[in-house]
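Worksheet for the structure shown next.
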Number of protein chains: 2
Amino acid sequence: MPRIGKPGGRRLAEAGAAGGRPRGGAGAGRFFAVEAIDRAILTALSGDGRLSYTDLAERVGLSVSAVHQRVRRLEQRGVIKGYAARIDYEAIGLPLTAFVAIRPIDPAAPDDAPERLSGLPEIESCYSVAGEDFYLLLVRVKSPSDLERLLQEIRTAVNVTTRTTVVLSTPYEGRAAPVGR
Amino acid sequence: MPRIGKPGGRRLAEAGAAGGRPRGGAGAGRFFAVEAIDRAILTALSGDGRLSYTDLAERVGLSVSAVHQRVRRLEQRGVIKGYAARIDYEAIGLPLTAFVAIRPIDPAAPDDAPERLSGLPEIESCYSVAGEDFYLLLVRVKSPSDLERLLQEIRTAVNVTTRTTVVLSTPYEGRAAPVGR
DNA sequence: GGTGAAATACTTTTCGT
DNA sequence: ACGAAAAGTATTTCACC
């Protein structure tokens, strides 16, 4: 599986490689130090998924080959599930974001809502939640009338009641994960 | 690393024409077709942010140079806000996700909650919402006790009441945007 | 605005230490 | 984990459509 990337090390502020790292001795890798480096890698890639191995190595204070090996392992273990471009939804004509809480009309009915709703691309995320609601959906649409249509589609697909919370603005979203806290 | 060389280097390139339509020749000046290609690019990069220009060009049916130019323009215009690795939060020791709705105790107080809360890295996203609550926060923590601590920190930082909804599981999250609908 | 190709530099990958 | 070489891409420029 060829890992492609584009040259483009984004140079950002120096985060500083986590803590002291054992130099010299070949296999002196302590569990703690190892974990710290992986966390540094994940934090960096969480902020800029297109960082090159060269820049990544520079940031975490390791050689390119070592960083490459670690990233590969993280991808393989599923810690890194993939990479995605972060898109400005307003710019692409989807200025309306909303949370839709759904609750089954018949609580005894089989619960396959996520599957049934997965066909609606307007639903970006689906969370199973504790509390009175069953699921919380994050949706992106073009307009209020599109939201209305989507809500009808949801209710049609899974026999539920919906409670919608419109997002007015998004101060920040999808910030880097607090890896290593 | 002085890489201000002419070719090959990476940084910096001029914008070129911002808003023009294709002239004669192949492009018959269709605004629609142009938009469609950009949408295709965004959809592809939304699904795999590390796609090479070669693969991208193949997918959208354009030359590498043209795709490259379009991607750069999308990045420059802010349509593509960046790239990020998608991380498995459970794998990195943050198995607990929750939504925290906050409401000011004193509705008349100045509202600078997003700024005041931005220092808490456990808060991944902050949405300003319509309804009884003021903001909805998406948080990731290690354990219930960490969630308790975070809630206290939030209440300390911005004099609000909190209402927390714990996420039990996440059927799907961060799916590709429905660009072009 | 698009194509195709060529020149150059960087990244990714593998291999030996 | 390191270092270096090999293979693969990205970036830019140019001429032309």
Side-chain angles (χ1 to χ4, degrees), chain A residues 1-11 17-18 20-31 33-38 40-41 44-45 48-76 80 83, chain B residues 1-38 40-41 45 48-77 80 83 85:
Chain A
M1 236 187 316
R3 261 179 54 95
I4 43 252
K6 91 182 181 188
R10 260 79 164 159
R11 263 189 118 11
R21 128 188 110 85
R23 260 239 83 111
R30 294 184 299 236
F31 208 87
V34 172
E35 288 287 324
I37 291 178
D38 278 345
I41 290 173
L45 286 179
D48 184 353
R50 263 182 128 150
L51 270 177
S52 70
Y53 290 132
T54 307
D55 289 351
L56 205 49
E58 203 173 310
R59 280 205 198 188
V60 305
L62 234 64
S63 71
V64 174
S65 346
V67 167
H68 174 248
Q69 188 178 335
R70 281 172 180 276
V71 172
R72 251 190 76 77
R73 224 173 47 206
L74 289 171
E75 289 174 349
Q76 214 163 306
I80 293 176
Y83 301 88
Chain B
M1 251 146 280
R3 40 196 204 182
I4 315 292
K6 288 138 203 186
R10 70 149 273 116
R11 301 285 89 215
L12 273 304
E14 73 297 341
R21 282 190 305 277
R23 273 187 338 225
R30 299 163 304 219
F31 224 99
F32 181 72
V34 173
E35 289 286 323
I37 291 178
D38 279 343
I41 289 175
L45 286 179
D48 183 354
R50 272 186 111 138
L51 270 177
S52 71
Y53 290 129
T54 308
D55 291 348
L56 205 49
E58 201 172 313
R59 282 205 197 187
V60 306
L62 234 62
S63 71
V64 174
S65 347
V67 167
H68 173 247
Q69 190 178 338
R70 281 173 179 275
V71 171
R72 258 203 80 75
R73 223 174 47 206
L74 290 171
E75 289 174 348
Q76 220 164 294
R77 285 193 300 175
I80 294 177
Y83 301 88

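Keep in mind that this is a model prediction, so the values were computed, not measured. Lettering of chains follows the sequences in order, A, B, ..., and the numbering in each one begins at 1.
Remark: P of C:dT11 and CG of A:L56 are 12 Å apart, rounded to the nearest angstrom. When the C1' atom of C:dT11 is taken as reference, atom OH of A:Y83 falls 14 Å away, rounded to whole Å. In this structure, the CD atom of B:E35 is 14 Å from the C1' atom of C:dG1, given to the nearest Å. With rounding to whole Å, B:Y53 atom OH is found 9 Å from D:dT11 atom C1'. Taking atom CG on B:L51 and atom P on D:dG8, their separation rounds to 19 Å, with Å as the unit. Here C:dC10 presents its P atom at 18 Å from CZ of A:R50, a figure rounded to the nearest Å. The interatomic distance linking A:D48 (CG) with C:dT11 (P) rounds to 13 Å, in whole Å.
Which of C:dG1, D:dT9, C:dT12 sits closest to the side chain of B:R73 comes down to C:dG1.
OP1 and OP2 of C:dT12 both lie 4.0 Å or more from every side-chain N or O belonging to A:H68. For B:S52 and D:dA10, the shortest distance from a side-chain N or O to OP1 or OP2 is below 4.0 Å. Phosphate contact (OP1/OP2 of D:dA1, side-chain N/O of A:R70, threshold under 4.0 Å): present.
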Check: protein-nucleotides 3-5 of chain D nitrogen or oxygen pairs below 3.5 Å:
{"residue": "D:dG3", "atom": "N7", "partner": "A:S65", "partner atom": "OG", "Å": "3.1"}
{"residue": "D:dG3", "atom": "O6", "partner": "A:S65", "partner atom": "OG", "Å": "2.9"}

Could you write out DNA chain C as dot-bracket? Rules: Watson-Crick or G-U wobble, both distances under 3.5 Å, brackets [ ] for crossings, | for pairs with another strand, dot for unpaired. |.|||||||||||||||
